[in-house]
Number of protein chains: 2
Amino acid sequence: MDARFPPSNTESPWLPFESRRRARDEKREAVLRAAVQLFLEQGYHRATLNDVAKRLNITKPALYNYFRGKDEILFECWSIGHELVDECIAETSAGAGSGLDKLRKLTVRYAELMTTDYGKSLVRFDLRDLSEHNRKTVQTAKRRIDRAFRDYIASGIADGSVKPCDPKLAAFAIAGSLNWIGHWFQPGGELTGRAVAEEFAIRLTDGIAKTTTRTTSTRKAAVPAAAKADKPPRKGNVGNASREDGSEHHTRTAAGAAGQSKRARGRLR
Amino acid sequence: MDARFPPSNTESPWLPFESRRRARDEKREAVLRAAVQLFLEQGYHRATLNDVAKRLNITKPALYNYFRGKDEILFECWSIGHELVDECIAETSAGAGSGLDKLRKLTVRYAELMTTDYGKSLVRFDLRDLSEHNRKTVQTAKRRIDRAFRDYIASGIADGSVKPCDPKLAAFAIAGSLNWIGHWFQPGGELTGRAVAEEFAIRLTDGIAKTTTRTTSTRKAAVPAAAKADKPPRKGNVGNASREDGSEHHTRTAAGAAGQSKRARGRLR
DNA sequence: ACTATTTATTACCCATGGGTAATATACGGG
DNA sequence: CCCGTATATTACCCATGGGTAATAAATAGT
């Protein structure tokens with residue numbers, strides 16, 4: 001397993017009907033973990049909120065203490081995935097190297113992300129299931145991701161590390177291939193996420209690299225070991241989910257687990 | 001536009017409530033055209049049979065004269081796409097050339113197919129919406145498609161036209177990129193399907209080609225002008241839809257438009 | 001302990017949409 | 001001209017599942 005993508009803690013904080021009392025955010029995230037798993041396993045429309053609740057040893061209405069509706073749960077799953085991508089891009093952009101180097105770094109990171117649940121939610125969920133407002137948020141974010149790929153390619157062409165090509169189409173080709181990982185990769189298979197990621201990074205960038213990198217150049221440098229603090233604190237409230245109104249009741253747990261992002265609260269009261 | 005993928009005849013054979021009377025198969029196909037469009041536009045679950053019917057100037061129960069249920073319509077949409085893919089593979093395999101040549105030919109054809117409605121249905125629809133039986137059919141067919149890519153790559157390695165690599169992962173990379181076309185391509189955009197196909201064919205195979213093919217080698221040979229008879233007759237009853245039982249009432253139109261494949265009939269009576 | 005607040009439960013509502021039954025309208029052949 | 005068949009239509013049924021109301025159990029603060 002990888003340190004950057006923690007093993008997703010598959011157990012429910014709700015013990016079958018006993019001493020319950022744990023941090024709210026922890027429960028919220030447990031709901032999301034159960035939801036993303038079910039949505040991936042069964043598909044968003046086949047997975048019911050009863051299913052989600054059952055997997056957590058609670059009942060459906062309890063979910064509404066944390067979320068306003070099914071589509072918001074979907075959005076928040078997507079949103080976590082998006083934050084992870086954004087970290088990949090930020091790390092890559094912060095580092096040094098040619099355009100090609102950065103393209104490769106991003107490719108490795110992105111590929112590996114696609115082997116995780118929240119990564120998959122970026123490409124397996126249907127935007128049309130979201131509310132108008134959230135859909136726009138997602139679309140904007142997706143464009144930003146696409147931009148990162150294109151920018152690296154373009155800068156690679158500029159600095160001579162990448163063959164001249166249409167950055168738009170090249171980005172589509174690479175990102176498409178990576179996105180597809182989210183459709184076929186199964187954690188239990190013969191390939192590990194890491195292996196797939198590294199292979200794809202080479203395979204996909206070799207076609208446009210000016211110097212064919214046969215032996216691995218991006219091997220050990222893949223995980224920079226930085227930005228790997230224990231709990232990667234989600235920065236800011238990216239894609240906040242407050243549906244229409246900006247009302248954000250912070251009624252409780254003002255200091256809820258130091259640096260834990262304050263995501264949109266469930267149900268207004 | 002392309003000759004191999006006819007302009008999909010978007011009009012309904014049901015005039016708003018008037019002189020109706022046309023061949024049954026024509027109507028069946030009109031249903032599928034309307035359905036695939038709606039399923040792609042709105043997604044399978046959001047598109048209702050009422051929507052499909054309305055677009056054809058009929059009402060929902062009329063659809064049940066041609067199909068046994070919504071999931072069968074979905075399957076048949078998929079099935080048409082699959083037949084088109086199979087033709088691509090058959091044509092490619094029949095032709096001559098190195099493994100790389102064949103890989104490129106298939107890539108071009110497949111890419112272009114991904115810009116059409118029935119092509120998209122291969123990658124945009126969720127297998128889990130199908131009946132158990134149909135799902136297995138589709139899964140088998142998908143494996144066959146994957147096999148074609150792998151085989152071409154493997155034979156390319158064997159004949160020296162392709163660099164040594166893992167055929168499985170290379171096929172995933174290429175096919176993934178192509179499949180993704182079905183998610184982003186919009187017919188009205190700046191790129192034509194043909195342009196995308198040719199660009200992708202080069203971009204995707206360059207990485208594993210032993211001789212970097214800068215200038216186009218697969219340009220005009222893309223459309224072999226053969227196998228382009230007026231109405232491409234669907235061969236055989238691939239993936240026949242008779243749900244569980246093998247009962248296939250051929251009660252009528254024994255000679256229904258010469259060579260028109262006899263697909264599964266709607267509703268048994 | 002008592003009370004306010006949070007968080008869960010049980011029991012319900014009801015819109016949606018796939019599917020069906022009964023029936024009407026057209027066509028085609030004798 | 002009438003009847004059988006194919007093909008529509010109208011009017012339903014009803015399972016599903018998201019969402020809500022009323023209420024009960026747990027917790028924290030004083």
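In what follows, chains carry the letters A, B, and so on, assigned in the order in which the sequence lines appear, proteins first and then strands, with residues in each chain numbered from 1.
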Quick one: is [N] close enough that its OP1 or OP2 comes under 4.0 Å of any side-chain N or O from [X]?
{"X": "B:Arg24", "N": "D:dA6", "answer": "no"}
{"X": "B:Thr59", "N": "D:dT9", "answer": "yes"}
{"X": "A:Tyr44", "N": "D:dG18", "answer": "no"}

Of the listed nucleotides [options], the one nearest the side chain of [X]:
{"X": "A:Lys70", "options": "C:dT10, D:dG19, C:dT7", "value": "D:dG19"}
{"X": "B:Ala62", "options": "C:dT9, C:dT7, D:dT9", "value": "D:dT9"}
{"X": "A:Tyr64", "options": "D:dG18, C:dT7, D:dT7", "value": "D:dG18"}
{"X": "B:Pro61", "options": "C:dT9, C:dA8, D:dA11", "value": "D:dA11"}
{"X": "B:Ile58", "options": "C:dT7, D:dT9, C:dT9", "value": "D:dT9"}

Next on the checklist: According to salt bridge (charged side-chain N to carboxylate O under 4.0 Å, His left out), who are the partners of B:Lys136, at least two apart in sequence or on a separate chain?
Outcome noted: B:Glu132

Item to check | Non-neighbouring partners of B:Asp129 that pass salt bridge (charged side-chain N to carboxylate O under 4.0 Å, His left out), sequence neighbours left out | outcome: A:Arg46

Checklist outcome for this item: Sorted by chain and residue number, the side chain to side chain donor-acceptor pair (under 3.5 Å) partners of B:Thr59 (sequence neighbours excluded) come out as none

Item to check | Distance-only donor-acceptor test, A:Lys60 side-chain atoms vs D:dG17 base atoms, 3.5 Å | outcome: no

Checklist entry - If you measure from the Lys or Arg side-chain nitrogens to the Asp or Glu carboxylate oxygens, is any gap between A:Asp117 and A:Arg33 under 4.0 Å? => result no

Using whole Å, report how far [atom1] of [X] lies from [atom2] of [N].
{"X": "B:His45", "N": "C:dG18", "atom1": "NE2", "atom2": "P", "result": "9 Å"}
{"X": "A:Asp25", "N": "C:dT6", "atom1": "CG", "atom2": "C1'", "result": "15 Å"}
{"X": "B:Glu72", "N": "C:dG19", "atom1": "CD", "atom2": "C1'", "result": "14 Å"}
{"X": "A:Asn57", "N": "C:dT7", "atom1": "CG", "atom2": "P", "result": "18 Å"}
{"X": "A:Asn65", "N": "D:dA22", "atom1": "CG", "atom2": "P", "result": "16 Å"}
{"X": "A:Lys27", "N": "C:dT6", "atom1": "NZ", "atom2": "C1'", "result": "9 Å"}
{"X": "A:Leu56", "N": "C:dA8", "atom1": "CG", "atom2": "P", "result": "10 Å"}
{"X": "B:Phe67", "N": "C:dT20", "atom1": "CZ", "atom2": "P", "result": "15 Å"}

Item to check | A:Lys60 side, atom NZ; A:Lys70 side, atom NZ - distance, nearest 0.5 Å | outcome: 10.5 Å

Checklist outcome for this item: The complete set of salt bridge (Lys or Arg N to Asp or Glu O under 4.0 Å) pairs with one or both residues in residues 180-189 of chain B, sequence neighbours excluded, reads none

Next on the checklist: Holding to side chain to side chain contact (heavy atoms under 4.5 Å, CB included), I want the full list of residues that pass it with A:Ala35, two or more places apart in sequence or in another chain.
Outcome noted: A:Phe39, A:Val52, A:Ile73, A:Cys77

Item to check | Residue-level proximity of residues 47-54 of chain B to DNA chain C when a heavy atom falls under 4.0 Å | outcome: B:Ala47, B:Thr48, B:Leu49

